[in-house]
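Single-structure report; data block below.
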Amino acid sequence: MAYSEKVLDHYENPRNVGSFAKDEAGLGTGMVGAPACGDVMRLQIKVNKDGVIEDAKFKTYGCGSAIASSSLVTEWVKGKTVNQALQIKNTQIAEELALPPVKIHCSILAEDAIKAAVADYKSKHGEMVDTAACKGSI
Amino acid sequence: MQPVTKLKLPIYMDSSATTPVDPRVASVMIPFLTEKFGNPASRSHAFGWEADKAVELAREQVAALVNADPKEIVWTSGATESNNLAIKGAAHFYQGKGKHIITMRIEHKAVLDTVRELEREGFSATYLDPEPNGLLDLDKFKAALRPDTVLVSVMLVNNEIGVIQDIAAIGEICRDKGILFHVDAAQATGKVAIDLQQLKVDMMSFSAHKTYGPKGIGALYVRRKPRVRLEAQMHGGGHERGMRSGTLPTHQIVGMGEAFRIAKEEMAQENERIRMLRDRLLNGLTSMEEVHVNGDMEQRVPHNLNLSFNFVEGESLIMAIKDVAVSSGSACTSASLEPSYVLRALGRSDELAHSSIRFSIGRFTTVEEVDYVIDLLKNKIGKLRELSPLWDMYKEGVDLNTVQWAAH
């Protein structure tokens with residue numbers, strides 16, 4: 001299948017790959033998807049004391065569109081407050097990457113990853129929130 | 001000796017999907033498109049006689065590869081049509097004897113979907129699971145036989161994992177019980193020796209384009225002694241003894257004949273060269289951690305290597321090696337997100353099925369190409385594993401089966 005330029009760019013030069021040291025302050029980690037479905041995303045956010053996401057990292061097992069979607073959201077969440085990050089919608093991700101219909105689930109997964117990371121951050125830092133439906137837990 | 005060639009990209013390693021027409025085959029086909037264009041069914045002039053002679057020579061060449069009588073070869077448009085004609089044709093003709101069909105879960109869709117169609121017509125069917133190595137357990141097969149079993153269809157060589165079923169033993173069991181036996185041999189010609197004088201096979205499907213012949217032509221072997229009868233699926237001028245009407249495509253048939261002639265002559269030598277290349281590829285790639293072979297390595301054609309690269313998703317790997325043409329068992333492109341039904345039938349976990357790549361080596365594959373693919377794969381798999389949270393967890397000693405994943 002043909003991929004858009006933007007998917008190829010993120011796939012070939014993924015942004016913000018990796019993970020934070022476990023003891024860093026202000027971390028929120030979301031893991032969504034399942035190996036059986038062919039994609040798993042892990043998104044980590046590092047939030048400063050003003051509630052702003054100052055850094056984000058990801059690792060993804062999945063197709064090129066899944067890798068590109070998660071790479072893109074690490075760029076988008078940076079500089080946003082956690083609540084602003086929750087406003088990112090899968091349709092915006094799909095549009096930015098020009099995902100074909102069979103790949104829309106990748107953008108949904110990326111949106112879920114943001115929700116899961118924020119929920120994890122909030123639960124660790126004393127705020128109650130709804131947990132994301134697709135969150136994988138260890 | 002391997003000829004020294006300059007590496008040209010992209011590299012083709014998908015010979016189980018199709019093969020190029022051998023230049024020797026193409027050259028014998030061309031005159032039958034332009035000068036020798038007669039209709040082989042034209043009995044009244046030299047144009048027809050010339051075409052008919054070429055068709056009959058090709059029939060002998062196809063029959064010779066599988067040690068059959070040329071009169072037992074029926075031309076079709078390919079293995080899909082041959083499978084349809086054999087299964088529907090025999091089931092319909094013999095339905096008075098019984099309406100139960102046995103096949104395997106790892107058959108090609110051309111068999112599975114045809115059997116499904118017969119189920120819709122009122123036949124019943126049993127789809128046998130293979131063992132984890134891809135082979136059919138003969139005791140389980142015997143246990144599945146019923147008094148009303150009329151037809152069994154088992155492929156000789158599997159298209160995804162290349163395993164070779166014990167057709168000789170299955171044939172003996174079927175003949176003993178008076179059950180018709182059809183074999184899809186589309187992936188087998190030129191790769192394994194086939195002797196239809198020895199094998200108790202009643203019908204066998206062939207394709208030209210998997211064996212360096214043209215696309216759009218195939219054949220069905222229909223045994224004469226004991227005689228097998230079929231209900232035609234294509235009606236018309238009564239060509240091919242009434243079993244398959246339609247003007248014969250002389251150039252395609254000539255191409256299939258020449259391709260099978262070459263296969264008979266060269267397969268022993270060619271298979272050794274291809275096995276050497278396949279083993280080189282296997283050794284090169286399995287030097288990495290967590291690389292699993294799918295399907296039995298002994299009962300297997302030398303051309304096929306199906307590997308699962310654990311913790312790397314197949315489609316992203318195909319994207320990473322875009323200069324190499326291979327197939328993936330991952331079905332991330334399909335809406336269902338279901339990985340290969342063949343690998344699942346072997347009992348492979350979904351993630352291993354999603355992580356699988358089929359390499360199929362052919363007549364024109366070189367050592368240089370194999371070495372290039374090994375280096376490329378090692379590099380890209382390393383990179384994708386760095387990107388994979390599953391690889392991280394594996395390295396941390398987390399058992400992925402104990403993780404509660406939310407299916408989506």
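Bear in mind the structure is a predicted one, so any value in this text is a computation, not a measurement. Chain letters run A, B, ... following the sequence lines, proteins first and then strands; every chain starts at 1.
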| message | For A/Lys89, is the NZ atom crowded, meaning more than 12 foreign heavy atoms sit under 6.0 Å from it? | response | yes
| said: Quick check on A/Glu5: does its CD atom have over 12 non-hydrogen neighbours (other residues, nucleotides or ligands) under 6.0 Å away? | reply: no
| request: Go through the atoms of B/Lys380 and report whether side chain, backbone, both or neither lie under 4.5 Å from a heavy atom of chain A. | output: neither
| query | Between A/Lys103 and B/Glu315, does at least one N-O distance fall below 4.0 Å, as a salt bridge requires? | reply | yes
| said: According to ring-ring contact (aromatic ring centres under 6.0 Å, His included), who are the partners of A/Trp76, at least two apart in sequence or on a separate chain? | reply: none
| field | Approximate separation, where rounding is to 0.5 Å, of B/Leu387 CG and A/Ser71 OG | value | 8.5 Å
| Can you tell me how far the OG1 atom of A/Thr60 sits from the CG atom of B/Leu390, to the nearest 0.5 Å? | 9.5 Å
| request: Look only at the side chain of B/Ser316 and the backbone of A/Gly64, and say whether a donor-acceptor pair between them is shorter than 3.5 Å. | output: no
| Pair B/Lys322-A/Glu12, salt bridge (Lys or Arg N to Asp or Glu O under 4.0 Å): steps then yes or no | CA-CA 12 Å; B/Lys322 58 182 184 300; A/Glu12 274 159 22; 3.6 Å; yes
| said: With a 3.5 Å distance limit and no angle check, can you tell me whether A/Lys59 reaches the backbone of B/Asp392 through a side-chain donor-acceptor pair? | reply: no
| So does B/Glu117 have more than 12 non-hydrogen atoms from other groups sitting under 6.0 Å from CD? | yes
| Side chain of B/Glu313, backbone of A/Cys63: donor and acceptor closer than 3.5 Å? | yes
| request: Could you pull out the closest heavy-atom pair between B/Pro389 and A/Tyr61, with the gap in Å? | output: CD-N, 3.3 Å
| task | Please report the closest heavy-atom contact between A/Cys37 and B/His354, naming both atoms and the distance. | result | C-NE2, 3.5 Å
| Under a 4.5 Å heavy-atom cut-off, does chain B meet the side chain of A/Ser70, its backbone, both or neither? | neither
| task | Look at atom NZ of A/Lys6 and say whether more than 12 heavy atoms of other residues, nucleotides or ligands are closer to it than 6.0 Å. | result | no
| message | Show, in sequence, the C-alpha distance, side-chain angles and deciding distance for A/Val7 and B/Met319, and conclude whether the side-chain contact (heavy atoms from CB on, under 4.5 Å) test is met. | response | CA-CA 11 Å; A/Val7 169; B/Met319 215 170 146; 4.2 Å; yes
| field | Expected output: side-chain A/Tyr11 to main-chain B/Ala320 donor-acceptor under 3.5 Å | value | yes
